[in-house]
Asks: 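Have a look at this one.
In the text below, chain A, chain B and the rest are named by the order of the sequence lines, each starting its count at 1. In this text, all values refer to a predicted model and were calculated from it rather than measured experimentally.
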Amino acid sequence: MFNIVDELDFKAIEQKWKQKWADERIFEPDPEERKKWFGNAAFPYVNAPLHLGHGFTYTRIDVAARFKRMQGFNVLLPFAFHATGEPIVGVAERLKKGDEKQIKILLDSGIPKKDISKFKDAKYTARYWEKVIKKGFDNLGISVDWRRRFSTIDPCFNRFIEWQYRLLRDKGYVIQGTHPVVWCSSCQSPTGDHDRLVGEGESPVNYILLKFKLPSGEIIPMGTLRPETIYGVTNVWVNPDVEYVKAKVDDEIWIISKRCVEKLKDQLHSVQIKGKIMGKELVGKVCINPVLKNEILILPANFVSPENATGTVMSVPSHAPYDWIGLKDLMDNPKFLDKYGIDPEEIKIIKPISVVKTKGLGEHPAVDLCEELGIKNQNEIEKLDKATNLLYKKEFHQGILRENCGEYQGLKVSQVKDDLSTDFQKINAASEMWEASGEVVCRCGTKCYIKILENQWFLKFSDERWKQKTRECLRMMKIYPEDGRKNFEATIEWLQNKACARRSGLGTKLPWNKEWIVETLSDSVIYMAYYTIAKYINSEKIEPDQLNDDVFQYIFHGTGDVKKISEERGISKEVLQKMRKEFEYWYGFDLRGSAKELIPNHLTFCIFHHTAVWPDKKKWPKAFTVNGMLNIEGEKMSKSKGNFILLLEAIKKYGADATRMALMDSAEGLNDANFSERDVLSWRSKLSSFYGLTKKHYNKGNVMLKRPIDIWLISRFQDYIKKMTEHLEKVENRSALTYFHQMLNDLHWYLRRNEEKNKTVVNYALEVMTKFLSPYCPFVSEEMWKIMGKNRFVSLEKWPTSDESKIEEKILKQEDAFKKICEDIRHVIELSNKNKNLYLYVLEDKELLYLQQATSFLKSEFGFDGVKVLKTKDPKKYDPENKSKRAKFGKPGIYIE
RNA sequence: GCAGGGGUAGCCAAGUCAGGUCAACGGCGCAGGACUGAGGCUCCUGUCCCUUAGUGGGUUCCUGAGUUCGAAUCUCAGCCCCUGCACCA
């Protein structure tokens, strides 16, 4: 076995340049005369080390920052750490309980056994991962100004959030209200998707309860999602074996399942149980349809679950497969009916009533569907559920109410559903209740239901004035790629009030109501402004107590008397003024990067909050860049698949530069990127060989007057420089990279084409290419810059600019034609199997000269003994003597012997 | 289900807005050759099929239909994939 021999010691180079950058503090910008460029990206959550997906997003913003830096901007790229919220508290709590899984996760992350217990302290966890994460950034070569680092659990940052929320509340953007959530009665908290054993993706849905009335005055509310079917009710169903309760609900007596009582209590109803009644006691009685006022028979059915809504349902056999099959079952089992003293004749006269007309479906679609699917009885739950879903969707989207639906006839089901619900409630024919869209079981094992939370704090994203400003900001912003814009637009329109406070987890307490903690998506939307002052908070050791709204108002809005604030808060006037200046200089930020999944939440919230906090449009965000997810070898990265790659591991294995190259080359735009070992290794050797090429050819040729071929290379480069710069301006890092390949191809051609190399031209090409590589693979680029004998950092060099006056179109065309001639020659050699002598017949003097200059190249390239370029006088008449008949303008005739 | 994005040769991917110059840039992989003691390094050439002294022809851009002299590109319908859908980072 042979080892892969790299010319380059990537590790040593990385170590060396990382150190030099830090020593010379070249990524620590302060306000100055030059124009600024402020880039940032969504900060990492500190419960795990960075993985390759982080590397992808962060390298993208770093390439942009490094590019801008070389363009001469004063560039700021800061990072901080996100620690607020539930997850790291969750780790601590699970450890306290001795959770084996959690212990294993930490051990797998490389934490020694003796240190595990330290992670019972959430703050320790946060600080621990901060260190590991920072190392990830540094090893990857992200050009971060660490003087501005902070964590969202720093008390000083908490003051900042307090200021933000007081300000928003004063503007009327933080309000109180009620809100339905999936609830675990055991944990006494909302059960988010990630907290569920069963039911990921299930959410609250609003049932309408139709109030059927017994002659005695008691109400049997029937839950449904299809209020229009009230017009098609033929009977109602109760489960004969279930014990129902009579309960006083607000001012009425309802007959409902026990489970329903608990739910209604948590949905803002007062509920008192007054008595019990078995389902079978109700069977055979009649009740009144609350809308049509006709008498309806109560029948028994086992498919009715006490777990769902009220535990009783109305029967609409024309449109509900369960109901049709239920009736059929009864007709097939007269004995069962006899048990309840019901005359089978009473069932036989029940006929389905159609209330919805749908294109492509018959009068009684449920009946047809049951037949089609061959459903025999109500035990075929799978088929029945399938049929129900199918019919519900089709009728909801395409169905039109029939003439028996009163004032709603002729309207579409989808249009009229909400109106029906409110109208029925107005006449007290209906009420409503919330139910989960499917079964949800909490991680603790408890079955969840829907609770309506009261006095919940909301960000009023529904506010039209606020939306208007947000739209305006978005219009002014650049979105890279532009395809992402529609997603933002749709989100702004769709966004409703968003709960912004929680009861548990780490975070900033709501300043006016300390029982609540600002929710973590809501405390991470304007923190980029905090970077501008964190430098002073850190260096001046400012204490949280010294920070209050006056301080922040002065810094961020320039209001108040500095002298007074300085005296009151014990922060020197100079420092306050510097902080103010720093903010004024850097803000608003020029580019923020993140993964595309944050568009509908974090990034859109970010726009909302900025427009609310800063009326001055100059402080608004200027651009976002979003990227797709990073796949590994074509598959989604996940721990269970075993293809989870930690950033530090990848760097160790492949080197930082090769990793960065592979990431940047993998995709751009909203498409998912793919990282493969093949590609990263290929980049590793490509970098190595380019380094070798540089070493071999830099400063090695002769100084001479420029020949056409020299001008050709320079001309080609002008176009590449222009295009790659344009792509980088749009954060199209992958597209820009293709021009590196083109440059390399051209340089190879140039070197092959000439025995004599023009030193000036080769040096120019290598310098341009090294500068161009620098944002992508900064370590190797610095090293190459050094072997070129340069003393400055290439990271701080001036970005190449294209000079159109250097482009000579004629020469470009000539060389293109020449390449084509070479292709033709190659083709003819192949077909003829001869390569002794080459004759080229041309029509023009210019062409003659150009080709004559290339004879030695043609000899060495194809192995000819002799090459002759001849001029023909008249292509038409020349024919007899010309051995090749194909000479045309711009295209010589070729003869080979 | 709703909203946004997407489906291009073995793989990744440009081209689609402004229809022809597109058998379709580039990279990876693969094949042959050069270099080499030897190479998995590097360089050159090729890479839909057939044919050929530098050519000519056939069939392609998710599927189906349409507009057009002409469609990867425009219209309609369908299938599939990715992301988000809220109190969760």
Side-chain angles (χ1 to χ4, degrees), chain A residues 1-7 42 45 47 82 84-87 179 181-182 189-195 201 203 389 392-393 396-397 437 453 456-459 461 481-491 493-502 505 519-522 524 595-602 626 628-629 631 634 636 662 665-674 676 678-679 681-683 685-686 688-689 692-693 734-735 737-742 745 748-749 751-752 820-834 861 884 886 891-896:
Chain A
M1 270 307 200
F2 296 96
N3 289 325
I4 297 167
V5 183
D6 282 322
E7 266 200 71
Y45 194 80
N47 64 341
H82 194 194
T84 43
E86 303 272 3
H179 187 64
V181 293
V182 177
S189 77
T191 310
D193 256 355
H194 56 289
D195 289 328
S203 57
N389 272 329
Y392 178 87
K393 274 181 208 161
F396 179 79
H397 290 108
S437 54
L453 290 181
Q456 174 68 266
W457 291 99
F458 290 93
L459 285 163
F461 287 144
E482 189 54 33
D483 298 338
R485 183 180 297 277
K486 280 191 180 158
N487 206 344
F488 281 100
E489 287 169 350
T491 305
E493 300 316 313
W494 167 85
L495 213 53
Q496 293 301 311
N497 295 347
K498 157 108 175 54
C500 63
R502 287 179 63 80
E519 179 269 330
T520 72
L521 266 185
S522 310
S524 60
K596 68 177 173 184
E597 63 197 7
L598 295 190
I599 294 176
N601 44 65
H602 169 80
V626 289
M629 311 297 288
N631 291 336
K636 195 174 272 192
D665 193 30
S666 65
E668 71 187 18
L670 295 172
N671 292 339
D672 285 352
N674 186 44
S676 77
R678 219 161 67 172
D679 292 344
L681 289 178
S682 155
W683 268 112
S685 64
K686 195 153 203 155
S688 215
S689 87
L693 185 87
R734 184 187 207 273
S735 297
L737 203 47
T738 60
Y739 293 97
F740 173 72
H741 294 123
Q742 312 252 24
N745 286 346
H748 279 309
W749 176 253
L751 295 172
R752 191 165 126 215
K820 183 82 183 110
I821 293 166
C822 290
E823 264 179 49
D824 288 348
I825 292 169
R826 186 165 291 118
H827 201 153
V828 177
I829 290 174
E830 227 172 76
L831 294 170
S832 65
N833 220 3
K834 299 172 194 163
E861 177 76 5
S884 166
R886 295 171 195 265
K891 194 160 185 190
I894 296 167
Y895 182 76
I896 295 174

Asks: Without decimals, in angstroms, what is the distance between A:K636 NZ and B:G84 C1'?
Replies: 12 Å
Asks: Under the salt bridge (charged side-chain N to carboxylate O under 4.0 Å, His left out) rule, collect the residues that match up with A:R734, sequence neighbours excluded.
Replies: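 If we apply the salt bridge (charged side-chain N to carboxylate O under 4.0 Å, His left out) test to A:R734, skipping adjacent residues, there are no hits.
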Asks: Could you give the CG-to-P distance, from A:N601 to B:C85, as a whole number of Å?
Replies: 7 Å
Asks: Within the 4.0 Å heavy-atom criterion, would you say A:E519 contacts the bases, only the backbone, or no part of the nucleic acid?
Replies: base
Asks: If I pick the C1' atom on B:A14 and the same atom on B:C43, what distance separates them, to the nearest angstrom?
Replies: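 Per the computed distance, 26 Å lies between those C1' atoms.
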Asks: What contact category does A:D483 fall into here, base, sugar-phosphate, or nothing, at under 4.0 angstrom with non-hydrogen atoms?
Replies: sugar-phosphate
Asks: Give me the ring orientation class for A:W683 and A:H741: parallel if the planes are under 30° apart, tilted from 30 to 60°, perpendicular past 60°.
Replies: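 A:W683 and A:H741: tilted rings.
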Asks: If I compare all heavy atoms of A:T738 with all of A:S735, which pair ends up nearest, and what's the gap?
Replies: OG1-O, 2.6 Å
Asks: Taking only Lys NZ, Arg NE, NH1 and NH2, and the carboxylate oxygens of Asp or Glu, determine whether A:D679 and A:K686 approach each other closer than 4.0 Å.
Replies: no
Asks: Which residues pass the salt bridge (charged side-chain N to carboxylate O under 4.0 Å, His left out) test with A:E861, not counting sequence neighbours?
Replies: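 Salt bridge (charged side-chain N to carboxylate O under 4.0 Å, His left out) check on A:E861 returns A:R752, A:R826.
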Asks: Please report the distance, rounded to the nearest Å, between CD1 in A:I599 and P in B:U83.
Replies: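 Going from CD1 in A:I599 over to P in B:U83 covers 13 Å.
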Asks: Excluding sequence neighbours, so at least two apart, what forms salt bridge (charged side-chain N to carboxylate O under 4.0 Å, His left out) with A:E519?
Replies: A:K498
Asks: With both distances under 3.5 Å as the test, what is the Watson-Crick or G-U wobble partner of B:A14?
Replies: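 Pair assignment: B:A14 / none.
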Asks: Please determine whether a side-chain nitrogen or oxygen atom of A:S685 lies at a distance below 4.0 Å from atom OP1 or OP2 of B:U42.
Replies: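 A:S685 to B:U42 OP1/OP2: side-chain N or O found under 4.0 Å.
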Asks: Return the value, rounded to whole Å, for the distance between atom CE of A:M629 and atom C1' of B:C82.
Replies: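 Answer to the nearest Å: 9 Å.
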Asks: Side chains of A:P481 and A:V626: does their closest heavy-atom pair fall under 4.5 Å?
Replies: yes
Asks: State which of B:A89, B:G27, B:U42 makes the closest approach to the side chain of A:S689.
Replies: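 Nucleotide nearest to A:S689's side chain: B:U42.
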Asks: Paired with B:A31: which nucleotide, if any, by Watson-Crick or G-U wobble criteria at under 3.5 Å for both distances?
Replies: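 In the structure as shown, B:A31 has B:U45 as its Watson-Crick or wobble partner.
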Asks: Rounding to the closest angstrom, what is the interatomic distance between B:G29 and B:A77 at atom P?
Replies: 43 Å
Asks: Which whole number of Å gives the distance between the P atom of B:G57 and that of B:G64?
Replies: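 Here B:G57 and B:G64 have their P atoms 26 Å from each other.
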Asks: Any side-chain N or O of A:K486 under 4.0 Å from OP1/OP2 of B:G5?
Replies: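 Yes, within the criterion.
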Asks: Nearest to the side chain of A:H82, heavy atoms from C-beta on, is which of B:A13, B:G4, B:A89?
Replies: B:A89
Asks: Looking only at the side chain of A:I896 (C-beta and beyond, no hydrogens), which of the listed nucleotides B:A86, B:A89, B:A53 gets closest?
Replies: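 The answer is B:A53, which lies nearest to the side chain.
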Asks: How close or far is atom P of B:G54 from atom NZ of A:K834, stated in whole angstroms?
Replies: 13 Å
Asks: When you compare B:U16 with B:A72, how far apart are their P atoms, in angstrom units rounded to a whole number?
Replies: 14 Å
Asks: Report the distance from atom NZ of A:K596 to atom CG of A:L670, rounding to the nearest 0.5 Å.
Replies: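 Between A:K596 NZ and A:L670 CG, I get 6.0 Å after rounding to 0.5 Å.
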Asks: Check every strand shown and say whether A:S666 touches a base, only sugar-phosphate, or nothing at a heavy-atom separation below 4.0 Å.
Replies: sugar-phosphate
Asks: Hey, which of these two, A:S832 or A:E668, hits RNA chain B nearer its 5' end, going by closest nucleotide?
Replies: A:E668
Asks: In the structure shown, which nucleotide is the Watson-Crick or G-U wobble counterpart of B:C2, with both distances under 3.5 Å?
Replies: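 Its partner is B:G84.
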Asks: Please write out the pairs of protein N or O atoms and N or O atoms of nucleotides 29-32 of chain B separated by less than 3.5 Å, giving the distance to one decimal.
Replies:
none

Asks: Separation of A:K596 atom NZ from B:G84 atom P, in whole Å?
Replies: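 In whole Å, B:G84 P and A:K596 NZ are 9 Å from each other.
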Asks: Output a table of nitrogen or oxygen pairs between the protein and nucleotides 44-48 of chain B separated by less than 3.5 Å.
Replies:
residue: B:C44; atom: O3'; partner: A:R752; partner atom: NH1; Å: 3.4
residue: B:C44; atom: O3'; partner: A:R752; partner atom: NH2; Å: 3.4

Asks: Below the 4.0 Å mark, does B:C28 have OP1 or OP2 next to a side-chain nitrogen or oxygen of A:K686?
Replies: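 Indeed, a polar side-chain atom of A:K686 lies that close.
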Asks: Between P on B:G54 and CG on A:L831, what's the gap in Å once rounded to a whole number?
Replies: 7 Å
Asks: What residues form a side-chain hydrogen bond (donor to acceptor under 3.5 Å, both in side chains) with A:E597, not counting sequence neighbours?
Replies: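 side-chain hydrogen bond (donor to acceptor under 3.5 Å, both in side chains) list for A:E597, sorted by chain: empty.
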Asks: Expressed in angstrom and rounded to an integer, what is the separation of A:D824 atom CG from B:U52 atom P?
Replies: 18 Å
Asks: Does B:A89 have OP1 or OP2 sitting under 4.0 Å from an N or O in the side chain of A:T520?
Replies: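 Yes, because at least one side-chain N or O of A:T520 sits under 4.0 Å from OP1 or OP2 of B:A89.
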